[in-house]
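Working notes, beginning with the structure itself.
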Amino acid sequence: MRENPKGDTTLRNQQFGNWQTTILGILLGILVIIGLNAFIIINPGQAGVISILGKARDGALLEGIHLKPPLISVIDVYDLTVQKFEVPAESSTKDLQNLSARFAINFRLDPSQVVEVRRKQGTLENIVSKIIAPQTQEAFKIAAAKRTVEEAITKRSELKEDFDNALGDRLDKYGIIVLDTSVVDLTFSPEFARAVEEKQIAEQRAQRAVYIAKEAEQEAQAEINRAKGKAEAQRLLAETLKAQGGQLVLQKEAIEAWKTGGAQMPKVLVMGDKSQSSVPFIFNLGNVPNQQ
């Protein structure tokens, strides 16, 4: 049998067409991949750093859509919103007492320095562990060394203010903006705790002693005032008895005593003559025998 040249040609054409379709599909796929990698979208609160062939380019990518070289570039996206981390710190005070603290630090990255952050620190985890944690320790040492442990406790707001100033100055050069800090915990040695407790007990006892002394002084002054008042009253009574009409006073007191006794015959009877200056005669009716 003879081969059919026309059939072979048709088969070859079909195979060639299939290869063309396959290659075209591959090229279209590559173009799609390249197209998808030719731009990036940066969301609000983010900043991106583009690296081409391993080298970071100047200028951060802020929110919006940005073109980038496909396949040879990498975008590192950083969160610019407020971050919060708790960092422990220890230091010695001016009186050489050990003081431990735990700070909650709120911060965010400076958008204008994100590229330098990418070049020098890398990830956010590196920023916290290699920059914020050691600088927190140093800032706490500066603040604690200015005062005694007792002052650090009683003047906590001043300690925090010194700490904030020292930490802000140290982190600013790294592109880290400190927004706020708070002292989560502040502890001191057990020896100082016992000393504080003993001091408080002594102060309470001293305050109690002062209170008792003032109370006794006030009571003594009250006794003096009462004695003065009684003496003044006796003086006025004596002057009244010496003056004209003193006899009427004695008679009035006798009448009052009689009423108080229930209108009974008084055991003491005061009598006097018509003269206003005569001395009243006083005798006890209880001594008069009853007549049957």
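As the structure is a computational prediction, the values presented were derived from the model and not from experiment. If you read the sequence from its start, that first residue is 1, and numbering goes on from there.
Taking all atoms of both residues into account, the shortest heavy-atom contact from Arg108 to Leu80 is CB-O, 3.5 Å. For the residue pair Ala166 and Ile142, the shortest heavy atom distance occurs at CB-CD1, 4.3 Å. Summarising the geometry of Phe103 relative to Ala89, their closest heavy-atom pair is CE1-CB, 4.2 Å, with the distance given to 0.1 Å.
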Determine whether Gln97 and Thr148 satisfy the following criterion, side-chain contact (heavy atoms from CB on, under 4.5 Å), listing intermediate values before the conclusion.
CA-CA 8 Å; Gln97 293 288 337; Thr148 64; over 6 Å; no
Evaluation steps, side-chain contact (heavy atoms from CB on, under 4.5 Å), between Phe39 and Lys68:
CA-CA 5 Å; Phe39 65 90; Lys68 66 171 186 173; 5.9 Å; no
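Placement of Val184 and Leu186 in two distinct hydrophobic clusters is found when ILVMFWY residues are connected by side-chain heavy-atom separations under 4.5 Å, directly or transitively. Cluster annotation: Ile72 and Leu61 are assigned to the same hydrophobic cluster (Ile/Leu/Val/Met/Phe/Trp/Tyr, side-chain heavy-atom contacts under 4.5 Å, transitive).
By the 4.5 Å heavy-atom criterion applied to side chains, Ile127 and Leu109 are counted as neighbours. Inter-residue side-chain proximity for Leu62 and Ile42 is flagged as unmet; no heavy-atom pair is nearer than 4.5 Å. Within the 4.5 Å cutoff, the side chain of Phe85 has no heavy atoms near those of the Ile105 side chain. For the pair Thr187/Leu99, no side-chain contact is recorded, criterion being any heavy-atom separation below 4.5 Å from C-beta on. A 4.5 Å side-chain heavy-atom check between Asp162 and Arg147 finds at least one atom pair inside the cut-off. Two residues are said to be in side-chain contact when any heavy atoms from C-beta on lie closer than 4.5 Å; Val114 and Arg118 fail this criterion. Residues Ile177 and Phe107 fail the side-chain proximity criterion, which asks for heavy atoms closer than 4.5 Å. With contacts defined as side-chain heavy-atom distances shorter than 4.5 Å, the pair Val178/Asn106 does not qualify.
Between the side chains of Asn165 and Glu161, no donor N or O sits under 3.5 Å from an acceptor N or O.
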Hey, can you pull the donor-acceptor pairs under 3.5 Å for the side chains in residues 133-141, sequence neighbours left out?
unit_1, atom_1, unit_2, atom_2, d
Gln135, OE1, Arg170, NH1, 3.0
Thr136, OG1, Ile132, O, 2.7
Gln137, OE1, Glu90, N, 3.2
Gln137, NE2, Glu90, O, 2.2

Counting only pairs under 3.5 Å, give me each side-chain donor-acceptor contact of residues 43-60, with atom names and distances, residues two or more places apart or in other chains.
unit_1, atom_1, unit_2, atom_2, d
Gln46, OE1, Asn43, N, 3.2
Asp58, OD1, Arg119, NH1, 3.2
Asp58, OD1, Arg119, NH2, 2.6

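Evaluation of the salt bridge (Lys or Arg N to Asp or Glu O under 4.0 Å) rule for Asp180 yields Lys160 as partners, not counting sequence neighbours.
A donor-acceptor pair is defined here as one N or O able to donate and one able to accept, closer than 3.5 Å; no such pair exists between the side chain of Ser92 and the backbone of Leu96. Here the side chain of Glu116 pairs no donor or acceptor atom with the backbone of Gln113 at under 3.5 angstrom.
With values rounded to the nearest 0.5 angstrom, Ser182 atom OG is found 11.5 Å from Arg102 atom CZ.
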